[in-house]
S.K.: 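Just dropping this structure here.
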Amino acid sequence: MRRPFARAWTGALAAVAAAAALPLASPVPAAADSVVIGGRPVEVSDSPWTVALSSRDRFGGTRAGQFCGGVVVSPTTVLTAAHCMSEDVLGVPLGEVSDLKVIASRGDLRETDGKEIPVRDAWVNPEYDGYTNSGDVAALTLSEPLPEGYVIPMAGEGDPAYEAGTGAAVYGWGDTTGAGNYAHSLRSARVKVLPDAVCERAYPGSADGKYVAETMLCAGEMDGRRDACQGDSGGPLVAHGRLIGLVSWGSGCGRAGSPGVYTRISDVARVMRAYS
Ligand code: 4AZ
């Protein structure tokens, strides 16, 4: 539910503006065993390619300014979702955000370990379609390189990791309940890649988006429970040790019949070749 979530972010921004660094979390109690929905805490050292995107100016300092996830695909390149760079999410045009950073090697956003690296340049996919959510990817260039060991390989076209039924893991600091309870520490949930036919039936086209198999994949469990959620956007979906997706959208979080939808990485490679 991208638009309502975007409104939620705008609300959070207004709160931050009004009361300095109000936490994003709402007082609503956890609805279920829910991460990332239905996930568990993980060590960032085991998935160093998972990074947080931060702007304290826009989102306040409580959780180090975290507002989206990202993935290290080369020492100076982080992929995230195009919608994370939108005015809907940032509250201002991207060019007006002067403290956009990537935070690497910090599992707990309340700590000061790891590295904060300023973003030098941001490329937003010109094919991104805000109606379907197709092409939801942006590439950030870091002002200094991360170690080569942080890089995760991208699964190419035809990689068996994309096959339906493949076990995958999604990572993030996002909402763990669907009610605005943002995680302080990195979490991960196991999900399965679902058949395109299931995703097409789940998302034939609505205000939330429309499933486009060429540019998206969907993953979850048939009965919901394990899923990505708001704040996880742009973060990695990993199978067989390779990056297959970026958290993009869905109707709610962890709902039966509404799996999480991800930007298909094989299509990202195509788009980046086309515009490089
Ligand atoms: C979001 O708004 C969002 N359940 C991310 C992932 C999902 C839904 C919404 C998938 O960032």
Side-chain angles (χ1 to χ4, degrees), residues 1-13 24-26 31-32 34-39 50 52-53 55 58-59 63 66-71 79-91 128 130-138 168-183 187-194 198-199 202-203 206-212 215-238 244-264:
M1 220 191 277
R2 211 176 54 81
R3 286 170 195 84
F5 277 125
R7 276 200 294 279
W9 276 122
T10 310
L13 289 171
L24 289 174
S26 81
S34 293
V35 190
V36 186
I37 311 280
T50 305
L53 300 196
S55 167
R58 302 311 310 165
F59 300 98
R63 295 170 60 265
Q66 188 272 345
F67 66 98
C68 268
V71 200
L79 295 185
T80 186
H83 84 258
C84 289
M85 299 291 111
S86 71
E87 191 168 346
D88 260 7
V89 167
L90 298 172
Y128 171 57
Y131 172 70
T132 59
N133 298 319
S134 182
D136 193 7
V137 60
V170 58
Y171 297 80
W173 288 268
D175 192 345
T176 60
T177 62
N181 297 279
Y182 295 92
R187 299 176 73 85
S188 176
R190 284 180 300 108
V191 289
K192 277 197 197 78
V193 178
L194 298 172
V198 168
C199 312
Y203 298 114
S206 76
D208 292 337
K210 179 183 194 295
Y211 188 77
V212 179
T215 63
M216 303 174 187
L217 65 83
C218 87
E221 295 292 336
M222 292 313 289
D223 60 349
R225 294 180 297 128
R226 296 206 289 261
D227 197 4
C229 199
Q230 188 195 357
D232 293 321
S233 280
L237 179 69
V238 175
I244 61 169
L246 304 173
V247 175
S248 178
W249 65 283
S251 289
C253 304
R255 289 192 201 153
S258 299
V261 188
Y262 296 80
T263 310
R264 189 181 284 273

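We count ligands from 1, going down the list as the structure has it; atoms in each ligand are counted the same way.
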S.K.: Is any side-chain heavy atom of L217 closer than 4.5 Å to a side-chain heavy atom of Y211?
M.R.: yes
S.K.: Less than 4.5 Å apart, side chain to side chain, heavy atoms only: is that true for S248 and M216?
M.R.: no
S.K.: Please work out, at 4.0 Å between heavy atoms, whether the side chain, the backbone, both, or neither of C229 comes within that distance of ligand 1.
M.R.: backbone
S.K.: For D227, is the nearest heavy atom under 4.0 Å from an atom of ligand 1?
M.R.: yes
S.K.: For the pair N133 and Y128, evaluate side chain to side chain contact (heavy atoms under 4.5 Å, CB included) and give the outcome as yes or no after the intermediate values.
M.R.: CA-CA 7 Å; N133 298 319; Y128 171 57; 3.9 Å; yes
S.K.: Hey, is D232 touching ligand 1 through its side chain, its backbone, both or neither, going by heavy atoms under 4.0 Å?
M.R.: neither
S.K.: Taking N or O atoms only and a 3.5 Å limit, does A228 qualify as a polar contact for ligand 1?
M.R.: yes
S.K.: Can you name the atoms of ligand 1, numbered from 1 with element, that are less than 4.0 Å from a heavy atom of Q230?
M.R.: 1 (C), 3 (C), 11 (O)
S.K.: Could you pull out the closest heavy-atom pair between G231 and Q66, with the gap in Å?
M.R.: O-NE2, 3.1 Å
S.K.: Taking a cutoff of less than 4.0 Å between a non-hydrogen atom of the residue and any ligand atom, is G174 in contact with ligand 1?
M.R.: no
S.K.: For ligand 1, find out whether one of its N or O atoms is nearer than 3.5 Å to an N or O atom of G252.
M.R.: yes
S.K.: What I'd like to find out is whether the side chain of M85 reaches to under 4.5 Å of the side chain of T80, using heavy atoms alone.
M.R.: yes
S.K.: Any atoms of ligand 1 less than 4.0 Å from a non-hydrogen atom of V247? List them with their elements.
M.R.: 5 (C), 6 (C)
S.K.: Answer yes or no: does an N/O atom from S233 fall short of 3.5 Å to an N/O atom of ligand 1?
M.R.: yes
S.K.: I'd like to check which ligand 1 atoms, numbered from 1 as shown, lie under 4.0 Å from a non-hydrogen atom of W249.
M.R.: 7 (C), 8 (C), 10 (C)
S.K.: Could you report the tightest heavy-atom contact between V36 and R187, atom names first, then the distance?
M.R.: CG2-O, 3.6 Å
S.K.: Could you check if a side-chain atom of L79 sits within less than 4.5 angstrom of a side-chain atom of V137, using non-hydrogen atoms only?
M.R.: yes
